[in-house]
**Student:** 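Can you read through this structure? Questions will come right after.
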Amino acid sequence: MTIAAQIKMATEDALKHLYPGVEIPVSSITVNQTKPEFTGDYTVVLFPFVKLLRKKPDELGQQLGSYLIEKTGLFSGFDIVSGFLNLTVTDKYWVNFLLNHFNDQHYAEKPKHDRRIMVEYSSPNTNKPLHFGHLRNIFLGFAMAEVLKASGNQVVKANLINDRGIHICKSMIAWQHYAQGDTPERTGIKGDHLVGDYYVKFNDVYKQQVAKLVSEGMDEAIAEKEAPIMKETQEMLRNWEAGDSDTRSLWEMMNGWVYKGFNESYKRLGVDFDKMYYESDTYLLGKKIVEQGLQKGVLYKKEDGSVWVDLEDEGLDQKLLLRGDGTSVYITQDLGTAKLKYNDYKLDQSIYVIADEQNYHMQVLKLILKKLGEPCADGIYHLSYGMVELPTGRMKSREGTVVDADDMMDEMIALAREQTEQAGKTEGFSQEELDKLYETIGMGALKFYLLRVDPKKKMIFDPKESIDLHGFTATFIQYAHARICSILRKENVPLMPPNTRFQTFCCNEAILPAEKKLMLALEQYPSILENAAVEYNPSLLCNYSFLIAQLFNSFYDEHSISKAENEEKKHLRLMIIVMTAQVLRHAMHLLGIRLPEKM
RNA sequence: GGUCCGGUAGCUCAGUUGGAUAGAGCAUCAGCCUUCUAAGCUGAGGGUCAUUGGUUCGAAUCCAAUCCGGAUCACCA
């Protein structure tokens, strides 16, 4: 249990004993870290009890403080400042904490239990390469899955590939007409980019054809439907749905190129999936659920045969589930897929990492499943995140303002190289090691940049300003880690020393402020990790890791480890930095960010 | 118009179930390398927490209204 939780419990117990007969709600006990300008480690706020007990804050604080010192043995002293009881935790507590956890690889993790959670993320369309906006989704999904794993859950990482539909046919048609048989192999262009190029080509041709028809006097709305290339594309979609073998083999070939490209990108991004779902397999699902809903009377049919659900009682609209001709719409297949996922893995929870533009859709999806009495409904959680925008507004492929994911990775790695060379820090590395280092720094910076903001907030990315490698960045954390490793190398202490390494340690000297601040923060890691899981917010780990690195840097500046005042101090500080490095690695690992031992 | 989300320093963002004088980073300015890595440390300046009212010992945080920005409300996906 964290010290903060222990203090809360001890306070509850103390109040019961000191003031029997007065009912004090547990929720009124607040325990905070003491502000730096006051002496103490943790603070109990006295105001709520002042009113209930009708006592003066000073008197109450004296009684409470004395009781806590006497009964718990956790505190070496207390101080009352205008209604706040500031408690100082004994040095012994901190030393024991260190001895117990300094080399614990699973510190802050929760024991495994059998709660099953699926995290669906990435979920790309196969008509264009990944862009910067997708990266936020991918990093968020991966990090969330890892955080939930560390919280003891059984996690399935899933990817639902949107591999069919009119937009896919657009690339296919344009390729047929204009590619003259070009392939990724022949052109040397990455498969997803090649296909994306023909998606762009389609739009160019389409725009021209529409313009031509309009200039010939056709109404624009009609021209958009009548453009020859669009009609061809719709024809192709019908052929695809009919299972036409030529269309299917073209589709398979081009999607194959895209998957190869995606897999390269995923590998470079350091993310993985346990289960792939393909829309071509799932797009017909959901009809059965709708039929059952009709029978139950939860849904209704209009005269034209279309099927609807009425969500007006829930403050929403009426929603179409099946067209008049019996074909499904987007949400129909989502109903089916939700059930499929649930049945595949017996899920307790199903998380969808999807941008906030689909908030309404997800709300409707969950509501309909609930109305239909599907057991998968309750577990659905939409991890909604704000879109990544450019200073000029949203990225638009048609306007060529999309920041490509692969390009972005290249640029970040190039930036890492540039800055490392500029800082003159390339000595003592082989070329191979340098390449790996640039990758670690560049990718770390990219991930951290996209994960450090609260997911639900939209973020603006200015490519001109690029991404900084100073301040609130992964580089800062990586640097702190490298510094620690450097000291450990010098002192012949392994990254994960055995318990016996500091067995003879005893604590006679007072813990100094810079040491204490760092230990205090390390002690909070379990509750930070828990919050990240409960609030579905990996950015908490960014904030926390940055704080730890900051505290370490100050500590490092103030106190020498190798040349500590004496052996006892040296051992204490070595344990502190071993644990600091371990916690940083752990937190960053959950975000998919690597920490170098040298940089 | 309905619903949802956001508005905190010049910029990008933190701010736990309401707690002490609202914090970081970037940028600006001033210091700190003969020392375990200066990709660092220390300090300074910079605020009508969108606005107004309410709740109370106490509000950036909770409630109401208003203003601004965004998303969404398709027989699109």
Side-chain angles (χ1 to χ4, degrees), chain A residues 4 27-30 32-35 37-38 43 45-48 50-51 57 81-84 86 125 162 164-168 279 283 302 304 306-308 314-317 319-325 327-331 333-334 355-361 363-364 384 386-387 389 393-394 416 419-420 422-423 425 441 449 452-454 456-462 465 468-473 475-476 478-480 482-491 527-528 531 535 539-540 542-543 546-547 549-550 552-564 573 577 598-599:
Chain A
S27 61
S28 68
I29 304 174
T30 45
N32 300 319
Q33 198 177 323
T34 304
K35 297 263 184 257
E37 55 268 37
F38 303 98
T43 297
V45 184
L46 299 172
F47 295 112
V50 168
K51 203 167 47 171
V81 184
S82 60
F84 296 91
N86 299 328
N125 295 344
N162 190 328
R164 63 161 287 282
I166 192 80
H167 48 296
I168 311 296
E279 251 190 54
Y283 82 107
K302 281 193 180 172
D304 63 356
S306 57
V307 180
W308 295 73
E314 284 82 6
L316 304 176
D317 298 311
K319 193 88 187 165
L320 176 97
L321 298 182
L322 281 181
R323 296 191 185 99
D325 62 6
T327 56
S328 33
V329 290
Y330 187 65
I331 201 159
Q333 57 177 293
D334 270 357
D356 60 9
E357 60 183 353
Q358 294 202 39
N359 283 355
Y360 182 78
H361 175 81
Q363 199 187 348
V364 168
S384 169
M387 314 267 279
E389 294 178 10
R394 283 173 74 160
Q419 303 254 338
T420 305
Q422 208 176 310
K425 302 220 172 196
I441 295 172
Y449 183 83
R452 70 184 193 178
V453 184
D454 186 335
K456 68 171 175 286
K457 293 194 175 178
K458 75 171 183 196
M459 56 186 295
I460 293 165
F461 170 66
D462 189 344
E465 287 180 14
D468 206 340
L469 298 185
H470 300 274
F472 185 30
T473 61
T475 316
F476 185 92
Q478 289 169 328
Y479 184 63
R483 277 176 143 183
I484 292 174
C485 293
S486 171
I487 299 167
L488 296 179
R489 272 195 302 276
K490 190 178 167 189
E491 296 297 326
S527 70
I528 301 290
N531 268 347
E535 293 172 24
S539 77
L540 299 178
C542 292
N543 291 326
F546 180 65
L547 172 71
Q550 257 181 333
F552 165 74
N553 279 330
S554 298
F555 163 81
Y556 173 92
D557 195 63
E558 196 168 333
H559 302 297
S560 177
I561 290 114
S562 300
K563 294 177 188 163
R573 289 177 192 163
I577 66 169
K598 246 169 58 172
M599 68 185 278

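Chain letters run A, B, ... following the sequence lines, proteins first, then strands; residues in each count from 1.
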**Student:** Scan Glu535(A) against the nucleic acid and name what it touches under 4.0 Å (heavy atoms): base, sugar-phosphate only, or nothing.
**Tutor:** nothing

**Student:** With rounding to the closest Å, how many angstrom separate the P atoms on rC68(B) and rG23(B)?
**Tutor:**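 32 Å, rounded to whole Å.
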
**Student:** Before you tell me yes or no, could you show the steps for Phe546(A) and Thr473(A) under side chain to side chain contact (heavy atoms under 4.5 Å, CB included), namely the whole-Å CA-CA distance, both residues' side-chain angles and the distance that decides it to 0.1 Å?
**Tutor:** CA-CA 8 Å; Phe546(A) 180 65; Thr473(A) 61; over 6 Å; no

**Student:** Counting the atoms with a prime plus P, OP1 and OP2 as sugar-phosphate, which does Thr43(A) contact under 4.0 Å by heavy atoms, base, sugar-phosphate, or nothing?
**Tutor:** base

**Student:** Would you mind classifying the nucleic acid contact of Val45(A) as base, sugar-phosphate or nothing, using non-hydrogen atoms under 4.0 angstrom?
**Tutor:**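 Result for Val45(A) = base.
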
**Student:** For a quick test of reading the model: is some side-chain N or O of His470(A) closer than 4.0 Å to OP1 or OP2 of rG40(B)?
**Tutor:**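 Checking His470(A) against rG40(B): at least one side-chain N or O falls below 4.0 Å of OP1 or OP2.
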
**Student:** Take atom P in rC57(B) and the same atom in rA14(B), then report the distance between them in whole Å.
**Tutor:** 32 Å

**Student:** Given rC36(B), rG19(B), rA39(B), which nucleotide is nearest the side-chain atoms of Ser560(A)?
**Tutor:**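 Side chain of Ser560(A) sits closest to rC36(B).
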
**Student:** Pick the C1' atom in rA64(B) and in rA22(B), then give their distance to the nearest Å.
**Tutor:**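 Here rA64(B) and rA22(B) have their C1' atoms 25 Å from each other.
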
**Student:** Measuring only the C1' atom in each nucleotide, how far is rG47(B) from rC41(B)? A whole number of Å is fine.
**Tutor:** 26 Å

**Student:** Output yes when at least one side-chain N/O atom of Lys35(A) is less than 4.0 Å from OP1 or OP2 of rG23(B), else no.
**Tutor:**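 Result: no.
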
**Student:** Using the rule for Phe, Tyr, His and the six-membered ring of Trp, do Tyr556(A) and rG40(B) stack at under 5.5 Å and under 30°?
**Tutor:** no

**Student:** Got Cys485(A) and Lys598(A) here, is their nearest side-chain heavy-atom distance under 4.5 Å?
**Tutor:**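 No, side chains not in contact.
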
**Student:** 5'-most contact on RNA chain B: Ile487(A) or Glu37(A), nearest heavy atom basis?
**Tutor:** Glu37(A)

**Student:** Any idea which of rC75(B), rG40(B), rC5(B) is nearest the Lys456(A) side chain?
**Tutor:**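 Closest of the options to the side chain of Lys456(A): rC5(B).
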
**Student:** Nearest 0.5 Å, what's the CG-NZ distance between Asp356(A) and Lys456(A)?
**Tutor:**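 Separation between the atoms: 11.5 Å.
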
**Student:** Contact class for Met387(A) vs. all strands (heavy atom < 4.0 Å): base, sugar-phosphate, or nothing?
**Tutor:**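 Nothing, no nucleic acid heavy atom in range.
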
**Student:** Please walk me through it: do Lys35(A) and Thr43(A) pass side chain to side chain contact (heavy atoms under 4.5 Å, CB included)?
**Tutor:** CA-CA 9 Å; Lys35(A) 297 263 184 257; Thr43(A) 297; over 6 Å; no

**Student:** Given rG19(B), rG7(B), rC36(B), identify the nucleotide with an atom nearest to the side chain of Ser486(A).
**Tutor:**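 The closest nucleotide is rC36(B).
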
**Student:** Report the distance from atom CD of Glu558(A) to atom C1' of rU35(B), rounded to the nearest whole Å.
**Tutor:**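 Interatomic distance, CD of Glu558(A) to C1' of rU35(B): 16 Å.
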
**Student:** Rounded to whole angstrom units, what separation is found between the CZ atom of Arg483(A) and the P atom of rC41(B)?
**Tutor:** 7 Å

**Student:** Using the C1' atom in both, what is the distance from rG15(B) to rG25(B), to the nearest Å?
**Tutor:**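 Straight-line distance between the two C1' atoms is 15 Å.
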
**Student:** Report yes or no: is there a donor-acceptor pair, N or O only, under 3.5 Å between the side chain of Lys425(A) and the base of rU37(B)?
**Tutor:** yes

**Student:** Using a heavy-atom cut-off of 4.0 Å across all strands, would you classify Ile441(A) as base, sugar-phosphate, or nothing?
**Tutor:**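 Base, at least one base atom sits under 4.0 Å.
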
**Student:** Would you check if Thr30(A) and Phe47(A) make a side-chain contact, meaning some heavy-atom pair closer than 4.5 Å?
**Tutor:**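 No, their side chains stay 4.5 Å or more apart.
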
**Student:** Side-chain donor or acceptor of Thr34(A) under 3.5 Å from a matching atom on the base of rA20(B)?
**Tutor:** no

**Student:** Going by purine N1 to pyrimidine N3 plus the second Watson-Crick contact, or the G-U wobble pair, all under 3.5 Å, which nucleotide sits opposite rC67(B)?
**Tutor:**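 Paired with rG7(B).
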
**Student:** Once you apply a heavy-atom cut-off of 4.0 Å, does Lys490(A) come out as touching a base, just sugar-phosphate, or nothing?
**Tutor:**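 Lys490(A): backbone/sugar contact only, no base atoms under 4.0 Å.
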
**Student:** So what does Asn162(A) hit on the nucleic acid, given a heavy-atom distance under 4.0 Å: a base, only sugar-phosphate, or nothing?
**Tutor:** sugar-phosphate

**Student:** Base, sugar-phosphate, or nothing: which does Ser527(A) touch, judged by heavy atoms less than 4.0 Å apart?
**Tutor:** nothing

**Student:** Just compare rU17(B), rC76(B), rA39(B) and give me whichever is closest to any side-chain atom of Thr30(A).
**Tutor:**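 Nearest nucleotide to the side chain: rU17(B).
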
**Student:** Report yes if at least one side-chain N or O of Lys457(A) is closer than 4.0 Å to OP1 or OP2 of rG7(B); otherwise report no.
**Tutor:**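 Answer yes for this pair, as a side-chain N or O of Lys457(A) is under 4.0 Å from OP1 or OP2.
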
**Student:** Go through the steps to decide whether Ile487(A) and Arg573(A) satisfy the test side chain to side chain contact (heavy atoms under 4.5 Å, CB included), and finish with yes or no.
**Tutor:** CA-CA 11 Å; Ile487(A) 299 167; Arg573(A) 289 177 192 163; over 6 Å; no

**Student:** Check this for me: does the side-chain of Asn553(A) come within 3.5 Å of the base of rA39(B) through a donor and an acceptor?
**Tutor:** no

**Student:** Provide the closest heavy-atom pair for Trp308(A) versus Leu320(A) in the form atom of the first, atom of the second, distance.
**Tutor:** CE3-N, 3.4 Å

**Student:** Nearest whole Å is fine: how far is rG2(B) P from Lys319(A) NZ?
**Tutor:** 20 Å

**Student:** With heavy atoms under 4.0 Å as the rule, sort Asp454(A) into base, sugar-phosphate or nothing.
**Tutor:** sugar-phosphate

**Student:** Hey, is Phe47(A) stacking on rG19(B)? Ring centres under 5.5 Å, planes under 30°.
**Tutor:**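 The ring of Phe47(A) is stacked on rG19(B).
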
**Student:** Which is more 5' along RNA chain B, the nucleotide nearest Phe84(A) or the one nearest Thr473(A)? Just name the residue.
**Tutor:**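 Closer to the 5' end of RNA chain B: Phe84(A).
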
**Student:** Just compare rG25(B), rA77(B), rG19(B) and give me whichever is closest to any side-chain atom of His167(A).
**Tutor:** rA77(B)

**Student:** Using whole Å, report how far CE of Met599(A) lies from P of rU37(B).
**Tutor:** 13 Å

**Student:** Between rC75(B), rC41(B), rA14(B), which nucleotide has the shortest distance from any of its atoms to the side chain of Ser554(A)?
**Tutor:** rC41(B)

**Student:** Taking the side chain of Asn531(A) as its heavy atoms from C-beta onward, which of rG40(B), rC36(B), rU16(B) lies nearest to it?
**Tutor:** rU16(B)

**Student:** From C-beta outward on Val453(A), which listed nucleotide comes closest to its side chain: rU17(B), rA14(B), rG70(B)?
**Tutor:** rA14(B)

**Student:** Give a yes/no on whether any side-chain N or O of Tyr283(A) is located under 4.0 angstrom from OP1 or OP2 of rA77(B).
**Tutor:** no

**Student:** By nearest atom, which of the nucleotides rG19(B), rA39(B), rC13(B) is closest to the Met459(A) side chain?
**Tutor:**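 Side chain of Met459(A) sits closest to rC13(B).
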
**Student:** With the criterion set at under 5.5 Å between ring centres and under 30 degrees between planes, would rA20(B) be stacked on Phe38(A)?
**Tutor:**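 Per 5.5 Å and 30° rule: yes, stacked.
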
**Student:** Does Tyr479(A) have a side-chain nitrogen or oxygen under 4.0 Å from the phosphate oxygens OP1 or OP2 of rA39(B)?
**Tutor:** yes

**Student:** When rounded to the nearest Å, what value does the distance between P atoms of rG54(B) and rA60(B) take?
**Tutor:**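 It works out to 15 Å between them.
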
**Student:** Using the C1' atom as the point on both nucleotides, what is the distance between rA24(B) and rG45(B), in whole Å?
**Tutor:**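 One C1' to the other, the span is 16 Å.
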
**Student:** Assign Asn86(A) to base, sugar-phosphate, or nothing according to its heavy-atom contacts below 4.0 angstrom with the strands shown.
**Tutor:**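 It contacts base atoms.
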
**Student:** For Ile29(A) and rG18(B), what is the distance between atoms CD1 and C1' respectively, to the nearest whole Å?
**Tutor:**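 Value for this atom pair: 16 Å.
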
**Student:** Which atoms form the tightest heavy-atom contact between Cys542(A) and Arg452(A), and what is the distance?
**Tutor:**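 Between these two residues, the closest heavy atoms are SG-CA, 3.7 Å.
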
**Student:** Where does rC33(B) land, syn or anti, once you apply the within-90°-of-0 test for syn?
**Tutor:** syn

**Student:** Counting only side-chain heavy atoms from C-beta out, which of rU37(B), rA20(B), rA71(B) sits nearest to Arg394(A)?
**Tutor:**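 It is rA71(B).
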
**Student:** Expressed in whole Å, how much space separates the P atoms belonging to rU72(B) and rC29(B)?
**Tutor:** 43 Å

**Student:** Apply side chain to side chain contact (heavy atoms under 4.5 Å, CB included) to the pair Arg323(A) and Val329(A), showing each step before the final yes or no.
**Tutor:** CA-CA 7 Å; Arg323(A) 296 191 185 99; Val329(A) 290; 3.9 Å; yes

